[in-house]
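Working notes, structure below.
The structure displayed is predicted, hence computed values, not measured ones. First listed ligand is number 1; within each ligand, the first listed atom is number 1.
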Amino acid sequence: MTAAPVPVLLVHGGAGVIRHGTDAAREREVRAALAAALRAGQARLLAGDPALDAVTAAVTVLEDSPYFNAGRGAVFTHDGVNELDAAIMDGATLRAGAVAGVRQVRNPLQLARAVMERSPHVLLAGAGAEAFARAQGIERVTPDYFHTEDRWRELQDALRQGAHGARVDHFGTVGAVALDAAGQLAAATSTGGMTGKRWGRIGDSPLIGAGTYANAACAMSGTGWGEFYIRTAAAHAVCMRVALLQQPVPAAADAVINHEIPALGGSGGAIVLGADGSFALPFNTDGMYRGCATGGAAPRVAIWPGEDFA
Ligand code: ASP
């Protein structure tokens, strides 16, 4: 008899250029939010709940924080509104659910999960997704819930610089991947997209295989310049390297995130977890908000390159 796997949970709160040491109080708050997300997901795993529940719990905490570009802290579009995207995937069954461009759903990941579990579809967008949320009794909020001063200022800066949803120096998307005690994997990602995005732009996060993917061997949630994650089918590429080519998780993640994507001109990071509990948190930006909880051990969080994670 083989021993039950030790549950593992990884989270990220985005990769991006974050000036080291410029705001110590904010950095403390961000670290506390990452740790709270890890504790919420870890509690589910330790209770024997499926990986899907752990990633849902962790991402919900991050969506409720104003510090990340998802849920409450979502960035603004060019037109000054918030359009949110999210996806979830179950590695054991390849079931998936996603939403794009929702404006009044407090926790888009919960709506993505409802799409997976309570609809025959995988991806719902815009007004239809809002109608589905209403029909399913998913919590809705007025658009001002998503108005934070920091994000509003970011939009004004972007508009002054003439950006059109292609600002590439800050990524605050959130995500989680988990391995449960039954050895099953799940991945989830939630985002406001990119500051100043227009024309109904949808990034990689809600696209299964781009920003979010899980199979029996591997789960990934990405953060970065979404167009490049879509073009490389990044999350699917990493997981197929692990599943079919039997590459170690760190090598598979490094090949796609740190080589394929930068070779095209993109940047970002990811959290990747294997069914054997091995994991990697690669990024090629100045930092990535990230964290890990293994078994019942205290969660560990990191932001800067070189922060010890072992
Ligand atoms: N990947 C997200 C997008 O392109 C942005 C991010 O990671 O913050 O929509």
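With sequence neighbours left out, Arg151 forms a side-chain hydrogen bond (donor to acceptor under 3.5 Å, both in side chains) with Glu154. With sequence neighbours left out, the salt bridge (Lys or Arg N to Asp or Glu O under 4.0 Å) criterion links Arg153 to Asp150. For the salt bridge (Lys or Arg N to Asp or Glu O under 4.0 Å) test, residues two or more places apart in sequence or in another chain that qualify with Glu83 are Arg103.
Atom CD1 of Ile208 is separated from atom CZ of Arg95 by 12.0 Å, given to the nearest 0.5 angstrom.
Two rings, from Trp152 and Phe76, have their centers less than 6.0 Å apart.
Thr223 and Thr173 form no side-chain donor-acceptor contact under 3.5 Å, judged by distance and modelled atom types alone.
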Pairs under 3.5 angstrom, nitrogen or oxygen on both sides, ligand 1 versus protein: list them out, please.
from, atom 1, to, atom 2, distance (Å)
ligand 1, 1 (N), Asp204, OD1, 2.7
ligand 1, 1 (N), Gly224, O, 2.7
ligand 1, 4 (O), Arg201, NH1, 3.4
ligand 1, 4 (O), Arg201, NH2, 2.8
ligand 1, 4 (O), Asp204, OD1, 3.3
ligand 1, 4 (O), Gly224, O, 3.4
ligand 1, 4 (O), Gly226, N, 3.0
ligand 1, 7 (O), Thr173, OG1, 2.9
ligand 1, 7 (O), Thr223, OG1, 2.8
ligand 1, 7 (O), Gly224, N, 2.8
ligand 1, 7 (O), Gly224, O, 3.4
ligand 1, 8 (O), Gly172, N, 3.0
ligand 1, 8 (O), Thr173, N, 3.1
ligand 1, 8 (O), Thr173, OG1, 2.7
ligand 1, 9 (O), Arg201, NH1, 2.8

